[in-house]
Enquirer: 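My questions all concern the structure below.
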Amino acid sequence: ATTRDEFNLQNPLFGILNPRVTEQGQPLPSCMVGLAAGIDTAKVNDYLSMNQIKSLFPRDLKFYWSQNPYKYDPTKSLYELHAIKITTRDRRAPLGGNVITGARPTSGVGSEVQVDFTMNSEGAKTWARMTRENVDRCIALVLDGYVRSYPRVLNEITGGSTEVTGDFTIDEATDLANILKSGKMPAPAHIV
């Protein structure tokens with residue numbers, strides 16, 4: 001294609017969904033696979049639900065949009081599309097918000113803001129297994145069908161106490177801590 005309009009005609013999905021790839025076309029290491037304008041998310045969903053498109057992806061893959069606009073977009077009109085691997089037979093998250101016993105925003109190294117949370121013993125065992133099996137991958141925290149955070153696992157986390165870092169403002173960290181604390185609300189963590 002020699003013009004943007006020709007490209008969009010030949011590639012209707014990528015005309016509205018900017019894939020997160022390197023200059024060589026390789027995926028960037030994250031569960032975020034693309035960005036689209038808020039007004040285009042329904043159209044992207046329509047494309048991704050087409051049988052000829054769905055057949056290109058593994059059956060254990062599910063797409064979720066971010067709750068909030070992309071942080072580094074000055075127009076605040078772009079939303080992140082995340083590809084999440086479903087790892088359970090019932091297609092539910094392996095870990096839900098009901099295992100969280102406490103969460104709070106704190107200051108980490110320097111002025112970095114983070115969220116610290118603790119889990120009950122059942123959650124701690126599941127979390128240890130999930131983090132052990134997924135070092136260097138992201139774990140998405142999903143609430144009401146939207147990705148709220150997707151921290152990368154640095155190492156196995158045992159004992160049920162965890163720090164989530166991620167360029168948070170204090171308001172974002174407080175919001176995430178409140179979501180995690182409300183154990184009756186489903187705040188599932190998915191392997192990405």
Side-chain angles (χ1 to χ4, degrees), residues 19-22 24-35 48 54-68 70-71 80-106 108-109 112-168 172-173 175-192:
R20 302 288 291 163
V21 295
T22 65
Q24 295 75 32
Q26 297 302 310
L28 292 171
S30 173
C31 64
M32 184 184 15
V33 294
L35 291 165
L48 294 175
K54 281 188 350 188
S55 67
L56 299 173
F57 296 109
R59 293 182 71 149
D60 61 354
L61 182 72
K62 189 169 179 180
F63 293 102
Y64 290 92
W65 289 101
S66 61
Q67 172 74 32
N68 299 315
Y70 183 54
K71 186 173 191 160
E80 306 164 4
L81 180 65
H82 297 269
I84 308 295
K85 182 177 182 178
I86 305 301
T87 59
T88 60
R89 288 184 182 187
D90 63 3
R91 301 187 63 80
R92 299 178 103 186
L95 194 61
N98 59 325
V99 301
I100 305 291
T101 58
R104 63 188 174 92
T106 60
V109 178
E112 183 180 67
V113 177
Q114 63 191 37
V115 177
D116 293 345
F117 65 95
T118 55
M119 301 176 205
N120 62 22
S121 60
E122 173 194 343
K125 282 195 289 192
T126 303
W127 189 243
R129 180 187 49 77
M130 287 173 63
T131 56
R132 178 178 59 250
E133 294 172 356
N134 293 285
V135 171
D136 250 359
R137 290 187 178 147
C138 296
I139 292 183
L141 301 172
V142 179
L143 179 66
D144 295 333
Y146 292 98
V147 173
R148 297 301 300 255
S149 181
Y150 50 102
R152 181 171 306 282
V153 177
L154 300 178
N155 51 36
E156 178 183 3
I157 302 169
T158 59
S161 226
T162 300
E163 297 173 348
V164 177
T165 59
D167 194 21
F168 296 119
E172 291 167 335
D175 188 35
L176 182 57
N178 287 334
I179 288 166
L180 291 170
K181 276 194 292 194
S182 58
K184 293 189 188 323
M185 295 179 68
H190 294 282
I191 298 299
V192 200

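Please read all numbers here as calculations on a predicted model, not as lab measurements.
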Enquirer: Could you give the distance from CD (Q114) to OG1 (T162), rounded to the nearest 0.5 Å?
Expert: 11.0 Å
Enquirer: Do you know the tightest heavy-atom contact between C138 and R152?
Expert: SG-NH2, 3.9 Å
Enquirer: What verdict does the side-chain contact (heavy atoms from CB on, under 4.5 Å) test give for L81 and L48, after you've listed the backbone C-alpha separation in whole Å, the side-chain angles of each residue and the deciding distance to 0.1 Å?
Expert: CA-CA 11 Å; L81 180 65; L48 294 175; 3.8 Å; yes
Enquirer: Indicate the atoms forming the closest heavy-atom contact of A128 with T158, along with that distance.
Expert: CB-CG2, 4.1 Å
Enquirer: Do V33 and H82 make a side-chain contact, defined as non-hydrogen atoms from C-beta onward lying under 4.5 Å apart?
Expert: no
Enquirer: Does any non-hydrogen side-chain atom of P94 lie less than 4.5 Å from one of M130?
Expert: yes
Enquirer: Would you please name every residue forming a side-chain contact (heavy atoms from CB on, under 4.5 Å) with T118, sequence neighbours left out?
Expert: T101, S161
Enquirer: Got a second to check how far L143's CG is from D175's CG, nearest 0.5 Å?
Expert: 9.0 Å
Enquirer: Rounded to the nearest 0.5 Å, what's the gap from CD1 on I139 to CG on L141? Could you check?
Expert: 8.0 Å
Enquirer: Considering residues at least two apart in sequence or located in another chain, which fulfil the side-chain contact (heavy atoms from CB on, under 4.5 Å) criterion with T22?
Expert: Q24, Q26, L28
Enquirer: Could you pull out all residues at least two apart from F63 that satisfy ring pair (Phe, Tyr, Trp, His ring centres under 6.0 Å)?
Expert: F57
Enquirer: M119 versus I100: any side-chain heavy-atom pair under 4.5 Å?
Expert: yes
Enquirer: Which heavy-atom pair separates G159 from A124 by the least distance, and what is that distance?
Expert: C-CB, 4.1 Å
Enquirer: Under 4.5 Å between any side-chain heavy atoms of W127 and F117, yes or no?
Expert: yes
Enquirer: Mind checking side-chain contact (heavy atoms from CB on, under 4.5 Å) for P105 and listing every partner two or more places apart, or none if nothing turns up?
Expert: I170, A173, T174, A177
Enquirer: Measure the CG-CD1 distance between D60 and I84 for me, rounded to the nearest 0.5 Å.
Expert: 11.5 Å
Enquirer: Mind running side-chain contact (heavy atoms from CB on, under 4.5 Å) on K85 and R137 for me, showing each step along the way?
Expert: CA-CA 11 Å; K85 182 177 182 178; R137 290 187 178 147; 5.6 Å; no
Enquirer: Tell me, which pairs form a salt bridge (charged side-chain N to carboxylate O under 4.0 Å, His left out) where one or both residues lie in residues 120-131, sequence neighbours left out?
Expert: R129-E133
Enquirer: With sequence neighbours excluded, tell me which residues meet side-chain contact (heavy atoms from CB on, under 4.5 Å) with R104.
Expert: T106, D116
Enquirer: Within the distance-only criterion (no hydrogens, no angle test), does the side chain of T131 pair as donor or acceptor with the backbone N or O of I157 below 3.5 angstrom?
Expert: yes
